[in-house]
Amino acid sequence: MYRYLQRRLADRVRAFLRESYHIELEKLVIEQPPQVEMGEYALPLAFELARTLRKAPKKIADEIVAGIGVVEGFAGFEVAGAGYINARVDRVALANAVAAGEVPDLAIPLGKILVEHSSINPNKAAHIGHLRNAILGDTFVRLLREAGRSVDVQNYIDNTGVQVADVVVGFQHLEQKTYAEVEALTKLPHFDYYCWDLYARTSQWYGEDKANLQIRAATLQALEHGGNATADLAELIATAVLRRHLETMQRLDIEYDFLPRESEILRLHFWDAAFAQLKEKSVLTYEDSGKNKGCWVMKRVGASAVAEVAEGEEAAKLAEDDQKVIVRSNGTVGYVGKDIAYHMWKFGLLGKDFCYIPFYHYPEGKQCWISAEAGEAVHPHFGDVAEIYNVIDARQSDPQNTVIEALRGLGHDEMADRYTHFSYEMVALTPGCAAELGYQLSEEDAARSYIEVSGRKGFGVKADDLLDKLIASARAEVDKRHPELSDEERHETARQIAVGALRYFMLKVTKNSVIAFDFNDALSFEGETGPYAQYAVVRAGNIFRKAGLDAGHFDPSGVDFARFLQGEEGTGLWELWLVAAQTSAIVEQCIATSEPAYAAKHAFKLAQMFNSFYHGHHILTEADEARKQFLLATAYVVRRELVRVLAAMGIAVPAVM
RNA sequence: GGGCGCGUAGCUCAGAUGGACUAGAGCAUCUGCCUUCUAAGCAGAGGGUCGCAGGUUCGAAUCCUGCCGCGCCUACCA
């Protein structure tokens with residue numbers, strides 16, 4: 001509703017500018033005045049127009065205010081400061097609409113969106129870095145769905161890469177295990193932990209003797225080729241670890257629709273189809289000389305301009321440096337090539353499709369599908385989408401850009417524009433945290449502010465371990481506070497608190513800030529945390545419970561908003577209403593900027609304001625019945641919006657805390 | 001060398017699209033507040049040359065340029 005009024009105001013101002021000044025503004029900045037007393041919206045546009053119109057900002061503002069006249073839903077406009085136009089909404093009308101939960105009809109863009117996240121190599125346990133990816137991705141999916149968009153969630157599985165080969169090498173050569181023996185190990189509760197250690201040991205083993213690296217190369221080749229004992233073992237391992245990842249993510253309420261695997265991209269010959277198109281459109285060129293002789297390369301648009309400035313050999317060298325090898329001189333295609341083919345499939349450009357089989361059942365009944373060489377006749381339609389978001393860390397922005405450029409090269413600019421690399425920074429460990437985990441640090445590392453997690457070295461915090469710690473910590477508190485609950489109820493409450501803490505922890509920081517992980521921060525349930533926001537909801541719920549009312553339903557028709565939303569105190573409370581009313585606008589902002597952190601900030605702000613309200617107004621002992629109804633309406637609306645924004649972050653609220 | 005990102009309170013971070021007041025939170029430190037709808041809370045105090053220097057602008061933490069410091073990317077690895 002708040003967002004709807006904002007749009008109405010913007011439309012009216014635009015129309016006025018068009019009629020009176022013949023000006024078309026592409027973007028109209030609308031912000032909030034520093035204090036609610038001054039109004040709900042502030043437009044600084046007069047300052048901007050002052051230059052083009054060669055008039056004083058204040059004068060322009062006066063003209064605009066006089067010109068736009070009366071706008072439905074607004075109580076009035078006024079010029080403030082040196083030329084701000086402040087808009088006051090009709091508080092009573094907006095409060096009524098918000099209390100009734102009115103959702104204005106806003107055009108929702110059609111077209112399916114594909115969000116890909118997690119994409120953990122299936123060779124070891126998931127760690128905190130993967131958690132950030134999955135939580136960001138899942139939250140973005142929830143935000144899109146909250147905004148009414150249709151979304152498919154994919155988790156790309158690189159089951160034929162070196163990482164998997166390394167664990168295969170570990171089982172075959174370090175541990176000399178048979179297929180049956182490994183199969184027995186996969187039945188262990190933490191097969192992924194077993195692989196975590198083995199992977200680290202194998203990586204170390206490579207360093208001991210150069211000959212060991214040849215074993216790795218041979219293993220990798222066997223995996224890519226398929227149809228042999230080594231590939232079978234890899235399939236066993238990768239699938240078992242993948243299941244573990246899905247289980248881990250399920251603990252955090254993260255689910256997927258489809259798991260495309262690299263093995264199918266290879267065996268269903270996606271690359272051949274892509275290669276033909278790329279050659280035809282000359283996106284790829286064959287090098288018959290220079291350092292990339294015998295390779296198919298992609299020229300990157302960016303630096304060819306630089307190369308033109310240079311001359312002769314210098315220019316040739318620069319141009320060469322800017323080539324991206326897609327097909328190696330031995331004829332094999334690299335990772336980026338496969339990725340290009342895969343993304344052509346996503347946009348329905350490849351002319352090929354995966355086969356599908358059901359792979360994983362979620363308790364709520366949802367089915368997660370996986371790619372296969374031969375599959376079920378009836379399956380959901382994946383791919384062929386309008387927009388894609390790839391949640392991949394910032395280190396991958398180079399290859400991501402190569403894929404986008406390839407799409408442009410093929411003439412699909414529109415799709416390239418709807419391809420978003422949802423980039424985020426890594427999670428690293430503080431030196432203190434590393435020491436706590438028992439890792440030996442070099443002097444150099446100990447002096448850093450953070451140290452990069454490394455699966456290869458087995459250096460990091462495993463996702464399940466962290467979650468276990470959080471649950472144990474929450475559980476201790478729940479046991480103390482609610483001995484009356486059953487064991488099951490206490491566990492579920494602790495789990496929801498732990499998930500709330502973890503998800504909030506990952507979401508409160510903006511994407512491009514490195515998270516220096518520390519147990520103290522992550523295990524905190526106080527201050528700016530998920531449990532703080534959950535607690536505010538529980539408190540609001542308690543008011544209704546004690547009053548014998550249903551917190552989920554409230555009839556606001558009898559509330560006298562006009563009486564309670566004016567004056568000094570009314571304005572203070574109105575501020576709370578206004579923030580609650582902004583949830584949809586925040587969701588929209590998160591989507592527009594691919595930044596879920598705004599939702600976290602909003603949830604915290606709302607919870608904080610509510611807690612303050614809670615202390616200042618004792619609702620159930622309020623003698624004035626009309627006032628009590630108004631206060632109840634306030635608690636109801638804040639609770640409802642808080643639940644909504646937390647749900648968009650994947651944070652459920654326990655019944656009690 | 002080139003590309004991307006970061007530098008704001010003791011610590012961890014917000015300040016999207018330049019704006020109106022004293023640059024804000026949380027943690028930590030210190031002071032108060034549990035007989036009230038749960039203190040996982042509330043009220044308050046102290047703590048800042050927004051890395052440095054210029055520039056653009058009516059207005060810069062935010063935009064531009066140059067420095068300084070840190071990180072990542074820059075392979076016929078995936």
Side-chain angles (χ1 to χ4, degrees), chain A residues 27-31 33-35 38 42 44 47-48 50-51 56-57 80-84 86 121 158 160-165 220 262 291-297 302-303 306 318 321-322 324-330 332 334-336 338-339 393-399 401 423 425-426 428 430 448-450 452 474 477-478 481-482 497 501 508-510 512-516 518 520-521 524-529 531-532 534-536 538-547 589 592-593 595 597-598 600-601 604-605 608 611-612 614-622 635 656-657:
Chain A
K27 77 174 171 211
L28 185 67
V29 177
I30 298 186
E31 41 199 35
Q35 288 135 20
M38 304 169 84
F47 299 108
E48 238 172 287
R51 217 164 310 152
Y84 275 94
N86 289 343
N121 287 323
D158 182 359
T160 58
V162 279
Q163 291 86 354
V164 173
L220 182 59
E262 184 163 86
K291 72 166 186 179
N292 294 332
K293 184 176 175 184
C295 300
W296 286 87
V297 303
V306 181
L318 277 170
D321 283 347
D322 207 48
K324 190 89 202 159
V325 173
I326 305 296
V327 180
R328 305 178 192 112
S329 56
N330 66 4
T332 58
Y335 168 80
V336 182
K338 284 176 256 183
D339 220 22
D393 78 64
R395 288 170 290 194
Q396 300 273 13
S397 62
D398 238 44
N401 285 332
S423 167
E425 269 295 349
M426 62 185 173
T430 60
R448 292 173 192 270
S449 52
Y450 54 81
E452 196 173 343
E477 196 62 33
V478 173
R481 295 177 184 221
H482 299 286
I497 292 167
K508 73 171 172 182
V509 178
T510 49
N512 49 3
S513 152
V514 175
I515 293 181
D518 188 79
N520 288 339
D521 298 337
S524 169
F525 294 159
E526 284 163 25
E528 198 192 343
T529 65
Y532 175 92
Q534 290 171 314
Y535 189 58
V538 168
R539 286 174 130 186
N542 284 345
I543 298 170
F544 287 86
R545 188 169 45 79
K546 280 274 165 92
Q589 184 190 5
T593 56
E595 179 52 89
Y598 293 118
K601 293 290 168 197
F604 178 63
K605 188 175 172 192
Q608 206 175 31
N611 274 330
S612 185
Y614 179 90
H615 276 267
H617 303 83
H618 201 267
I619 299 176
L620 295 183
T621 53
E622 175 59 53
V656 295
M657 273 181 80

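Computed over heavy atoms, backbone and side chain alike; hydrogens, waters and symmetry mates excluded.
The CG atom of A:Asn86 lies 9.5 Å from the CD atom of A:Glu31; values are rounded to the nearest 0.5 Å. To the nearest 0.5 Å, atoms CD (A:Glu526) and OH (A:Tyr532) are separated by 11.5 Å. Here the CG-OG1 distance, from A:Asp518 to A:Thr430, works out to 4.0 Å after rounding to the nearest 0.5 Å. The NZ atom of A:Lys508 sits 7.0 Å away from atom NZ of A:Lys601, with the distance rounded to the nearest 0.5 Å.
Using atom P as the reference point in both B:A16 and B:G55, the two lie 25 Å apart (nearest Å). Of the P atoms belonging to B:U17 and B:A61, the separation is 13 Å, rounded to the nearest Å. On the C1' atoms, B:U29 is 10 Å away from B:G10, given to the nearest whole Å.
Looking at heavy-atom distances under 4.0 Å, A:Val336 makes no contact with the nucleic acid at all. As judged by a 4.0 angstrom heavy-atom cut-off over every strand, A:Phe604 is placed among residues touching the sugar-phosphate backbone only. Across all strands, A:Ser513 comes closer than 4.0 Å only to sugar-phosphate atoms, never to a base (heavy-atom distances). When heavy atoms are screened at a 4.0 angstrom cut-off, A:Ala165 is found touching no nucleic acid atom at all. Within 4.0 Å of A:Tyr532, counting heavy atoms only, lie sugar-phosphate atoms of the nucleic acid but no base atom. Residue A:Ala80 is in base contact, counting any heavy-atom pair closer than 4.0 Å across all strands shown. A:Gln534 comes within 4.0 angstrom of no nucleic acid atom, judged by non-hydrogen atoms across all strands. Note on A:Val478: a base of the nucleic acid sits closer than 4.0 angstrom, heavy atoms only. Residue contacts for A:Val514: at a heavy-atom cut-off of 4.0 Å it reaches the sugar-phosphate backbone alone, with no base atom in range.
Using modelled atom types and a 3.5 Å distance limit, the side chains of A:Arg545 and A:Asn542 yield a donor-acceptor pair.
Computed from coordinates, the A:Ile30 CD1 to B:A20 C1' distance equals 17 Å when rounded to whole Å. B:C42 atom P lies 10 Å from atom CD of A:Glu526, rounded to whole Å. Rounded to a whole Å, the CG atom of A:Asp521 is 8 Å from the C1' atom of B:C11. For A:Arg395 and B:C4, the CZ to C1' distance is 14 Å, given to the nearest whole Å. What separates CD1 of A:Ile515 from P of B:U12 is a distance of 13 Å, to the nearest Å. At whole-Å resolution of the value, CD in A:Glu31 and P in B:C21 are 13 Å apart.
Between the side chain of A:Glu528 and the base of B:A25, no donor-acceptor pair under 3.5 Å is found. You'll find a donor-acceptor pair under 3.5 Å spanning the side chain of A:Ser329 and the base of B:C76, going by distance alone.
Two residues, A:Arg481 and A:Asn86, neighbour RNA chain B, and the one matched to the more 5' nucleotide by heavy-atom proximity is A:Asn86.
The side chain of A:Tyr535 places no N or O atom within less than 4.0 Å of a non-bridging phosphate oxygen (OP1 or OP2) of B:C37.
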